[in-house]
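One structure below.
Numbered from 1 within each chain, the chains take letters A, B, ... in sequence-line order.
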There are 2 protein chains.
Amino acid sequence: MPSENHRPTQEDVAREAGVSRAVVSYVINNRSGGKVRISERTRRRVLEVVQRLGYQPNVNARSLRTRRSQLIAVMVPDLTNPFYPLMIRGIQAAVEGSDYHIVVYDSDDSAAHERAFVDMMLRRHVDGVVLVSFHLDVEDVRRLTQAGIQTVGIGGRLRAAGIDTVATRERPAAREIVRYLISRGHRRIAHLAGPQDTPPGQLRIQGYHEALEEAGLRYEEALVRYGTFKPAGVAQLIDSMFAASAPEQRPTAVFAANDLMAIEAIRALGRLGMRVPEDVAVCGFDNIPAAELVTPSLTTIGQDCQRMGRLAGETLLERLGAGARAEPRHVSVPYLLIVRESA
Amino acid sequence: MPSENHRPTQEDVAREAGVSRAVVSYVINNRSGGKVRISERTRRRVLEVVQRLGYQPNVNARSLRTRRSQLIAVMVPDLTNPFYPLMIRGIQAAVEGSDYHIVVYDSDDSAAHERAFVDMMLRRHVDGVVLVSFHLDVEDVRRLTQAGIQTVGIGGRLRAAGIDTVATRERPAAREIVRYLISRGHRRIAHLAGPQDTPPGQLRIQGYHEALEEAGLRYEEALVRYGTFKPAGVAQLIDSMFAASAPEQRPTAVFAANDLMAIEAIRALGRLGMRVPEDVAVCGFDNIPAAELVTPSLTTIGQDCQRMGRLAGETLLERLGAGARAEPRHVSVPYLLIVRESA
DNA sequence: AAAAGGTGCTTAATCGTGTAAGCTGAGACG
DNA sequence: CGTCTCAGCTTACACGATTAAGCACCTTTT
C-alpha cells in the first residue's frame, strides 16, 4: 500500500462538524475577536473534529493567501564549524515562542550556493532572513529587501547594504589579544591570517597591525601568512614560517585568525619539535568548544555567538513586528579575552 | 520606504511578453514535450522578460497546485554535535543535482520538539523526511507515512515502523573496540554508558558485554556507569569509579559510549592525577573531529556519518522517484576501529 | 408593531500556479 | 472549394486556505 492518502482539509473538517469552511478557519486562527463571532459550542465541536481527523493546516495555501510564510531563513557558511550551530541555537531561542520558524541553509562557503539560496528565499517567500555571508554583495541583499524581506546581517560585512547588523568588534578584539601577547614579553609575533578578501580576515590583521604599532613594534611581511580559516594548508604555512629563518629570527608567538587554524598550528609546531607555549605561544580567535579540549588548551578571543544569534533573531522579530523602522541598527556584541594554556 | 513591494508574478511576465499566463508556465517548466507546443520565438521572449523582471515562481502556490513541495526535511537531535552537520553534508551531497531541497530541524534532543517538527512537516507538505530521532515512536512515524511522506530513519531505532533505515552496526562495533582493549592486556574494563533507554546506549553496552563474555571476563555492575552522551556529569561518574575502590580494583581501561564523554573522562582522570594511556586507557565512539585534536588523541570507532547521510539521501530519492517499493530496506554502514594515542 | 441592533453563521472572492481541454488560423488534401 | 490536421495559443478550473461582506434570526428599543 503506497497509501497515497487523502489528507484532511478544512473542507473535511467543515463537513464533519456540520459547519462552513469559514468557521473552521476562524476557529483555528482564533479570530473571534473582530466582527465575526463563533459560539463556544461550535468552537468546541470544530476543535474536536480537528483533533479526531488529525487535521493540519496546509501552510502553503495559507502563505499564498496571507502573503506571510512565518518563515525566517538562516544562511551560514559552514555548519561543520561549531561556531554556527551555536549561533543558530541563539536565533532559535529568540524565535521560540513567536509564530516564526527558522529554516537553515548551509552554503558551504560557496558563492554559487549563496546566490542560489537567495533565490530560494525569494521563491519560498520567507518573511525574514539572517545572513552570515562572505560572498553576497549589496546588490544581492537589495534583491531581498526590495522584495519586502526583512534582513539582518551577522558580521559587519553587509553594513553598506543598509540592513541591521550584529557583529563582534573584531578589530579591537584582535588588537587586544595581540596586546596580551606583547604584555607577556613577545616581540616577534607572527600572524596566521584569514583570506584577505574577507572582512574577518582583514579586521583581524588590522587589529594585529594596530597592536604592534601601539607597542612600537615593526610590522614585518615575513611574519604574516595567509590561510583559509580552515585547517588544511596550515602545516605548510607554519613550516615556511619556522623552517626558513635562523632561530633568533623566528617568531616567539603566533596569532592565528581563528581557532581551527590555531589548533592545526599547534599540531604542526609539535611535529617541528617545538613546544607550546614554552617555545612558541599560540592563540586563536572564536573560542570554539574544542578550544578548551585541546592540549595545551587554547588562549583565544571568545565571541559569544549564541548571543549574536539571539540578538539577530530579536532584531529581526522587531522589524517583522513593527514594520519599517527609521534607520538600520548596528549592534556590537562584547568579546572576551580567554587566557588558557597555549599563550 | 518600507518597499512593501509588488513582486512580479506570471501574470506580470505574461502581460509584458504579450502572451497568456499559461504560456509562461509552460515555458518555465519546459513542458513543450506533451500536447502543448511553444514556438522557439515565444519561448525566448518569455525567458527574456523573466530575466528582466527578475521573476521567481512562488513555490507555495506551486506546491499547492502540484501537491509536491520538492522538500526533504532532516531532523537531527543536536546540531552542536559535530556528528550531525557532517551527516547533513552527506544528505546534501546525495540531493544535490536533484530537484529537491533540504530543510534542517534541530530538535535539541527534546521529545516535544520532535513531535512539533512532525507536525511542521505535515503542514509544510514536505515530500520526504530523514529522521534521526531518539523520542519518536512508531505511531509518530505512521502519521508521516500515512500522509504519503516517504521516510528514512538513521539509526536502527525506527526499524519497527516499517521504514527504510541506515545504521551503523553499533553492537559489533562496540564489541570490536572492547576486544581491542582486551587484546592490549586489559582485564578490568569499565564502561561509561549512554542512557539505558536509547538504542545507541543499549547496543554499545551489549557489545561491551559480548566482548567480555568472549574473553571469559566477568561482567561487573561496579564497572558500569550511566551518563547522557553529554560531557556534563561525566566527571562525577569517573570520580565514583576510581576514587572509591582500592588501587588494584580500579579499572585499567574505560570504554566511553561516545567521544564527547570520552574526552571529558580524560580530563577528569587528569584531575585525579592519572595519566592516559599509561595509567588508564580510554576509548570513545563516533570519531568526531575533536577526537584527533585532543591530547592524547582518542582511540575510537569511526562511524562514517557523511556516508550514512548520503545513503539515507539516496534511499529517499529512490523512493521518491519510484514510488512504493516492496519491502523496507535496512542498510548497514561499515565502521572502523581507529587506534590513536589514548588506548 | 416596526425599526434597530447584535449574534452566529454562510457566501464568495482571492492568493499564484499547473494543466487539461478548447480554440484559431494556415497549409495539406481530397 | 470544403474538410482535416496540426502547431501554437488561450480559457478556465483546481489546489487549500483567509477574510470581507452579507444574511437570517432573535432580542431590544421606540
Side-chain angles (χ1 to χ4, degrees), chain A residues 4-46 50 53-70 99 122-125 127 147-148, chain B residues 4-46 50 53-70 99 122-125 127 147-148:
Chain A
E4 273 309 332
N5 236 297
H6 179 63
R7 302 205 215 173
T9 68
Q10 281 191 356
E11 187 72 48
D12 301 315
V13 175
R15 194 180 325 109
E16 197 81 0
V19 293
S20 74
R21 255 202 13 259
V23 168
V24 180
S25 174
Y26 285 123
V27 168
I28 284 173
N29 299 313
N30 250 332
R31 285 283 149 65
S32 309
K35 194 181 135 95
V36 170
R37 339 217 65 190
I38 308 290
S39 74
E40 186 56 22
R41 226 166 57 86
T42 322
R43 212 181 66 84
R44 271 185 171 24
R45 186 151 35 93
V46 168
V50 163
L53 299 189
Y55 166 75
Q56 299 277 1
N58 180 331
V59 295
N60 294 317
R62 175 179 286 174
S63 324
L64 180 58
R65 183 57 234 254
T66 60
R67 307 166 140 278
R68 325 206 80 237
S69 61
Q70 309 294 7
D99 286 339
L122 291 167
R123 297 153 98 108
R124 289 245 110 78
H125 282 230
D127 295 336
Chain B
E4 273 310 330
N5 235 298
H6 180 64
R7 303 204 213 175
T9 69
Q10 281 191 356
E11 188 71 48
D12 301 314
V13 176
R15 194 182 323 109
E16 197 82 357
V19 294
S20 75
R21 233 179 25 71
V23 168
V24 179
S25 174
Y26 284 123
V27 167
I28 284 173
N29 299 313
N30 249 333
R31 286 283 148 66
S32 309
K35 195 181 133 95
V36 170
R37 339 218 63 190
I38 308 291
S39 74
E40 185 57 23
R41 229 168 52 88
T42 330
R43 212 181 65 85
R44 271 186 174 20
R45 188 153 31 94
V46 168
V50 163
L53 299 189
Y55 166 76
Q56 300 277 2
N58 179 333
V59 294
N60 294 317
R62 177 179 284 177
S63 324
L64 180 59
R65 183 59 234 255
T66 61
R67 307 165 139 277
R68 324 208 80 237
S69 61
Q70 309 295 6
D99 286 340
L122 291 167
R123 297 154 98 107
R124 290 242 110 77
H125 282 231
D127 295 336

Rounded to whole angstroms, how far apart are [atom1] on [X] and [atom2] on [N]?
X	N	atom1	atom2	value
B/Arg45	D/dG8	CZ	P	13 Å
A/Asn60	C/dG18	CG	C1'	14 Å
A/Leu64	C/dA13	CG	C1'	13 Å
B/Arg43	D/dC9	CZ	C1'	16 Å
B/Ile38	D/dT10	CD1	C1'	10 Å
B/Asp12	C/dG16	CG	P	9 Å

Under 4.0 angstrom, heavy atoms only, what part of the nucleic acid is A/Val19 near: base, sugar-phosphate, or nothing?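 Contact class for A/Val19: sugar-phosphate only.
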Have a look at A/Thr42 and say if it touches a base, only the backbone sugar-phosphate, or nothing, with a 4.0 Å heavy-atom cut-off.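 Sugar-phosphate contact only - A/Thr42 comes under 4.0 Å of backbone atoms but never of a base.
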Nearest atoms (heavy-atom pairs only) where [X] meets [Y]:
X	Y	result
A/Ser69	A/Arg124	CB-O, 4.2 Å
B/His125	A/Asn60	CB-ND2, 4.0 Å
A/Tyr55	A/Thr9	CE1-C, 3.5 Å
A/Leu64	B/Ala61	CD1-CB, 3.7 Å
B/Asn30	B/Arg43	OD1-NH1, 4.2 Å

Working note: A/Arg62 + A/Asn29, criterion side chain to side chain contact (heavy atoms under 4.5 Å, CB included); need CA distance, chi angles, decisive distance, verdict. CA-CA 11 Å; A/Arg62 175 179 286 174; A/Asn29 299 313; 3.4 Å; yes
Atom CZ of B/Arg21 and atom OH of B/Tyr26: how far apart are they, to the nearest 0.5 Å?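 Between B/Arg21 CZ and B/Tyr26 OH, I get 10.5 Å after rounding to 0.5 Å.
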Could you grab the distance from atom OG of B/Ser20 to atom CD of B/Glu11, nearest 0.5 Å is fine?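 CD of B/Glu11 is found 9.5 Å from OG of B/Ser20.
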Check whether any side-chain nitrogen or oxygen of A/Ser39 sits under 4.0 Å from OP1 or OP2 of C/dC9, and answer yes or no.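 Yes, such a contact exists.
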May I ask you to evaluate whether A/Arg68 reaches the phosphate of C/dC15, defined as a side-chain N or O under 4.0 Å from OP1 or OP2?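 So the side-chain polar atoms of A/Arg68 never come under 4.0 Å of the phosphate oxygens OP1 or OP2 of C/dC15.
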Would you list the protein and nucleotides 24-28 of chain D atom pairs, both N or O, that sit under 3.5 Å from each other?
none

Report for the helix from C/dA1-D/dT30 to C/dG30-D/dC1: angle between first-end and last-end helix axes, five pairs each, rounded to 10 degrees.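 Answer rounded to 10°: the end axes differ by 70°.
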Can a donor-acceptor pair be found, under 3.5 Å and without considering hydrogens, that links the side chain of B/Arg45 to the backbone of B/Ala17?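 Indeed, once roles are kept as given, a pair shorter than 3.5 Å links the two residues.
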For B/Arg7 and A/Leu122, what are the C-alpha separation, side-chain angles and deciding distance, and is it a side chain to side chain contact (heavy atoms under 4.5 Å, CB included)? CA-CA 9 Å; B/Arg7 303 204 213 175; A/Leu122 291 167; 4.0 Å; yes
Dump the pairs, protein N or O against N or O of nucleotides 17-21 of chain D, anything under 3.5 Å, distances to one decimal.
unit_1, atom_1, unit_2, atom_2, d
D/dA17, OP1, A/Tyr55, OH, 2.7
D/dA17, OP1, A/Asn58, N, 2.9
D/dA17, OP2, A/Gln10, N, 2.6
D/dA17, O5', A/Tyr55, OH, 3.4
D/dA17, N7, A/Arg21, NH2, 3.1
D/dA17, N6, A/Arg21, NH2, 3.2
D/dT18, OP1, A/Asn29, OD1, 3.4
D/dT18, OP1, A/Asn29, ND2, 2.9
D/dT18, OP1, A/Arg62, NE, 2.8
D/dT18, OP1, A/Arg62, NH2, 3.2
D/dT18, OP2, A/Gln10, NE2, 2.8
D/dT18, OP2, A/Ser25, OG, 2.6
D/dT18, OP2, A/Asn29, ND2, 3.3
D/dT18, O2, A/Arg65, NH1, 2.1
D/dT18, O4, A/Arg21, NH2, 2.7
D/dT19, OP2, A/Arg31, NH1, 2.7
D/dA20, N7, A/Tyr26, OH, 3.2
D/dA20, N6, A/Tyr26, OH, 3.2

Picking from C/dC15, D/dG8, D/dG16, which would you name as closest to the side chain of B/Arg37?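 Ranking C/dC15, D/dG8, D/dG16 by closest atom to the B/Arg37 side chain puts D/dG8 first.
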Reference residue B/Gln10; test side chain to side chain contact (heavy atoms under 4.5 Å, CB included); the match among B/Val23, B/Val50, B/Val24, B/Asn58: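 Going through the options one by one, the only one that passes is B/Val24.
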